[in-house]
Colleague: 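Below is a structure I'd like to ask you about.
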Amino acid sequence: YGKGIKSSQMHRLLSEVDKANAPSAVDLQELRPLILYTAARQSNESAQIILLILNDLLNKMGNKLQERMAFQRLFSDIVAYHKYFEGIQQ
């Protein structure tokens, strides 16, 4: 998992993903610059990799509601996983 990513960064990204799934949603593709910016700020290679994988996933998916909801669930699961292991390491 991306241990170099802070929980606040993960939650900020998740918040943006949640907003993108609202009825008057912006395209999830508009989140790619934020994800890439966050990846560029990471000094930990594993943190960069997970964010680049999410970026690639966004790049390959369409804008159907089902795809957006699946991405939201995946991202939410990643944030939960990150939070769990962050607590173990402290």
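Because the structure is a prediction, the values reported are computed rather than measured.
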Colleague: How long is the straight-line distance from CD1 of Ile50 back to CG of Asn55, given to the nearest 0.5 Å?
Modeller: 12.0 Å

Colleague: Residues in side chain to side chain contact (heavy atoms under 4.5 Å, CB included) with Gln72, at least two apart?
Modeller: Val17, Asp18, Asn21, Met69

Colleague: As a test of understanding, state which of Thr38, Asp56, Ile78 forms a side-chain contact (heavy atoms from CB on, under 4.5 Å) with Leu51.
Modeller: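 The side-chain contact (heavy atoms from CB on, under 4.5 Å) with Leu51 is passed solely by Thr38 among Thr38, Asp56, Ile78.
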
Colleague: Ion pair present between Lys19 and Glu16, side-chain N to carboxylate O less than 4.0 angstrom?
Modeller: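 Yes.
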
Colleague: What is the distance from atom CD of Gln66 to atom CE of Met61, rounded to the nearest 0.5 Å?
Modeller: 10.5 Å

Colleague: Does the His82 side chain pair with the main chain of Ile5, one donor and one acceptor, at a distance under 3.5 Å?
Modeller: yes

Colleague: Do Leu54 and Leu31 come within less than 4.5 Å of each other through their side chains, counting heavy atoms only?
Modeller: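 Not in contact.
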
Colleague: What are the two closest non-hydrogen atoms of Phe75 and Leu13, and how far apart are they?
Modeller: CZ-CB, 3.4 Å

Colleague: Strictly distance-based, threshold 3.5 Å: is any side-chain N or O of Gln48 a donor or acceptor partner for the main-chain N or O of Gln42?
Modeller: yes

Colleague: For the side chain of Gln29 and the backbone of Leu58, is there at least one donor-acceptor N/O pair under 3.5 Å apart?
Modeller: yes

Colleague: As an exercise, state the distance from OG of Ser15 to CE of Met10, rounded to the nearest 0.5 Å.
Modeller: 13.0 Å

Colleague: Can you tell if the side chain of Leu36 reaches within under 4.5 Å of the side chain of Leu52, non-hydrogen atoms only?
Modeller: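 Yes, close enough: below the 4.5 Å cut-off.
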
Colleague: Taking the side chain as every heavy atom from C-beta outward, state whether Ile53 and Ile49 have any atom pair closer than 4.5 Å.
Modeller: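 Counting from C-beta outward, Ile53 and Ile49 do come under 4.5 Å.
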
Colleague: Not counting sequence neighbours, which residues clear side chain to side chain contact (heavy atoms under 4.5 Å, CB included) with Arg12? List them please.
Modeller: Leu34

